[in-house]
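Presented below is the structure to which this report refers.
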Amino acid sequence: TPLSLGTAGSANVTNTFGPDATWTNPAGLVHIEDGVMFAGLQVIAPTMKWDTDIAEKGGIEGGNAGDAAVVPSFYYAQSLTDKWHFGFGFSALQGGGADYGDNFAGRYGTIDIALTGVGATWSLGYKVNDRLSLGFGASVIHATYEQDIALNLGPLPDGKVKIKDADDMAVQPIVGLQYAITDSLLLGINYRAEYDAKLSGNIQFKKIPDAVPLPSQTNLDLEWDNPQWLEAGMRWQMGGGNVLFLSGNWQQWSEFSEN
């Protein structure tokens, strides 16, 4: 989120000061009394280059394959009662892509690829007492996947296979906890469950001669398991305006590798 950039995300799980606690740890919503909202815009411009030693079918290294992206976000939070607090957020929660170009040496593996997840999050924070708060929420995520792959036709020019408009909606639950160990030391824990998307789209064939047989079935179904995520952290107000953030997380990426 925009507020987490200044701390490289280490303040996420102990967030008590911004409405983006809706997503980072909904237990932190209990510290927001009045209606607060903010909107942010981030520009991501990655550099990604491929070093090719052997290219039996020819081709180039693809230059900078990193896809630039503009990532918007919006968050709002307010108190409902002395105990219950509400938050809402909308953002591009995850994603990535690469575009190597049609002449890439590895074009039979991929030419370009994009996997994105845009979601809305609703959360509630509950104040148990002055030291302990709990949070509950869920993100409804629209996932999309597209990919272009070159098709090796031997002596003929390359064909192309396009995976288009493969998408699905999925729900990712969130639970969180914050506990003030002392007046200056805060513990935060947040858990996001695994969510499973069943991506459905279609396959298109381009630049294929009529003499080359094509499959009659062009519908595509893919399973995308996004890993569960456990995060814990502490915030220590050291005095003199100095604050120390410490956090760590575990994500089960072995589930993603099986997709």
Side-chain angles (χ1 to χ4, degrees), residues 1-42 71-94 117 119-141 171-195 226-239 241-251:
T1 68
L3 282 182
S4 67
L5 289 178
T7 61
S10 62
N12 282 353
V13 75
T14 53
N15 184 355
T16 60
F17 40 79
D20 55 336
T22 298
W23 185 79
T24 60
N25 187 349
L29 292 171
V30 304
H31 299 277
I32 299 176
E33 298 296 335
D34 299 323
V36 177
M37 69 177 178
F38 72 74
L41 196 66
Q42 302 173 51
V71 183
S73 60
F74 171 84
Y75 293 94
Y76 175 80
Q78 71 170 48
S79 60
L80 301 177
T81 68
D82 291 341
K83 293 286 189 179
W84 289 97
H85 299 251
F86 167 77
F88 170 78
F90 176 83
S91 181
L93 298 175
Q94 53 199 193
T121 304
W122 291 264
S123 294
L124 291 172
Y126 178 72
K127 183 177 181 180
V128 179
N129 53 47
D130 289 340
R131 293 199 176 275
L132 176 64
S133 63
L134 304 175
F136 318 88
S139 296
V140 179
I141 301 171
V171 177
Q172 184 176 41
I174 306 170
V175 294
L177 172 152
Q178 287 184 351
Y179 182 75
I181 300 172
T182 69
D183 290 343
S184 59
L185 186 62
L186 178 68
L187 167 69
I189 300 174
N190 193 63
Y191 173 75
R192 291 180 182 84
E194 174 185 318
Y195 79 84
N226 203 71
Q228 58 181 325
W229 179 358
L230 178 65
E231 186 175 11
M234 304 188 78
R235 185 183 72 200
W236 179 29
Q237 295 179 325
M238 304 170 61
N242 296 315
V243 181
L244 177 66
F245 296 99
L246 175 67
S247 70
N249 68 80
W250 169 82
Q251 301 177 28

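None of the values given here were measured: they were computed from a predicted structure.
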Has the side chain of [X] got a donor or acceptor atom that lies under 3.5 Å from a matching backbone atom of [Y]?
X    : Y    : result
T24  : N12  : yes
T22  : S123 : no
N190 : I174 : no

Closest non-hydrogen atoms of S91 and Y75, given as atom of the first, atom of the second and distance, are CB-OH, 3.7 Å
Heavy atoms of V171 and A138 approach each other most closely as CG1-CB, 4.0 Å
I need the [X] [atom1] to [Y] [atom2] distance, nearest 0.5 Å.
X    : Y    : atom1 : atom2 : answer
L185 : Y179 : CG    : OH    : 10.5 Å
L134 : K83  : CG    : NZ    : 10.5 Å
Q178 : I189 : CD    : CD1   : 10.0 Å
F38  : Y76  : CZ    : OH    : 14.0 Å
T81  : K127 : OG1   : NZ    : 10.5 Å
T182 : W236 : OG1   : CH2   : 9.5 Å

For this session: Applying side chain to side chain contact (heavy atoms under 4.5 Å, CB included), run through N226 and Q94 and close with a yes or a no.
Result: CA-CA 10 Å; N226 203 71; Q94 53 199 193; 3.4 Å; yes
Set of side chain to side chain contact (heavy atoms under 4.5 Å, CB included) partners for [X], sequence neighbours left out:
X    : answer
A92  : V71, V118
F245 : T7, S10, A11, T14, R235, V243
W250 : Q228, L230, Q252
L246 : none

Contacts of D82 meeting salt bridge (Lys or Arg N to Asp or Glu O under 4.0 Å) (sequence neighbours excluded), chain-then-number -> none
Taken in chain and number order and not counting sequence neighbours, the residues that satisfy side chain to side chain donor-acceptor pair (under 3.5 Å) with T121 are S139
Residues passing the ring pair (Phe, Tyr, Trp, His ring centres under 6.0 Å) test with W84, sequence neighbours excluded, are Y126
Ring pair (Phe, Tyr, Trp, His ring centres under 6.0 Å) filter on W122, not counting sequence neighbours, yields F88
Residue pairs meeting salt bridge (charged side-chain N to carboxylate O under 4.0 Å, His left out), one or both in residues 5-17, sequence neighbours left out, come to none
Residues pairing under salt bridge (charged side-chain N to carboxylate O under 4.0 Å, His left out) where one sits in residues 180-194, two or more places apart or in two chains, turn out to be R131-D183
Donor-acceptor pairs are to be reported for all side-chain atoms of residues 28-36 against protein atoms at under 3.5 Å, with residues two or more places apart or in another chain.
none

- Message: Within the 4.5 Å heavy-atom criterion, are Q172 and L93 side-chain neighbours or not?
- Response: no
| message | Please determine whether side chain to side chain contact (heavy atoms under 4.5 Å, CB included) holds for the pair N25 and T16, giving the CA-CA distance in whole Å, both sets of side-chain angles, and the decisive distance to 0.1 Å. | response | CA-CA 9 Å; N25 187 349; T16 60; over 6 Å; no
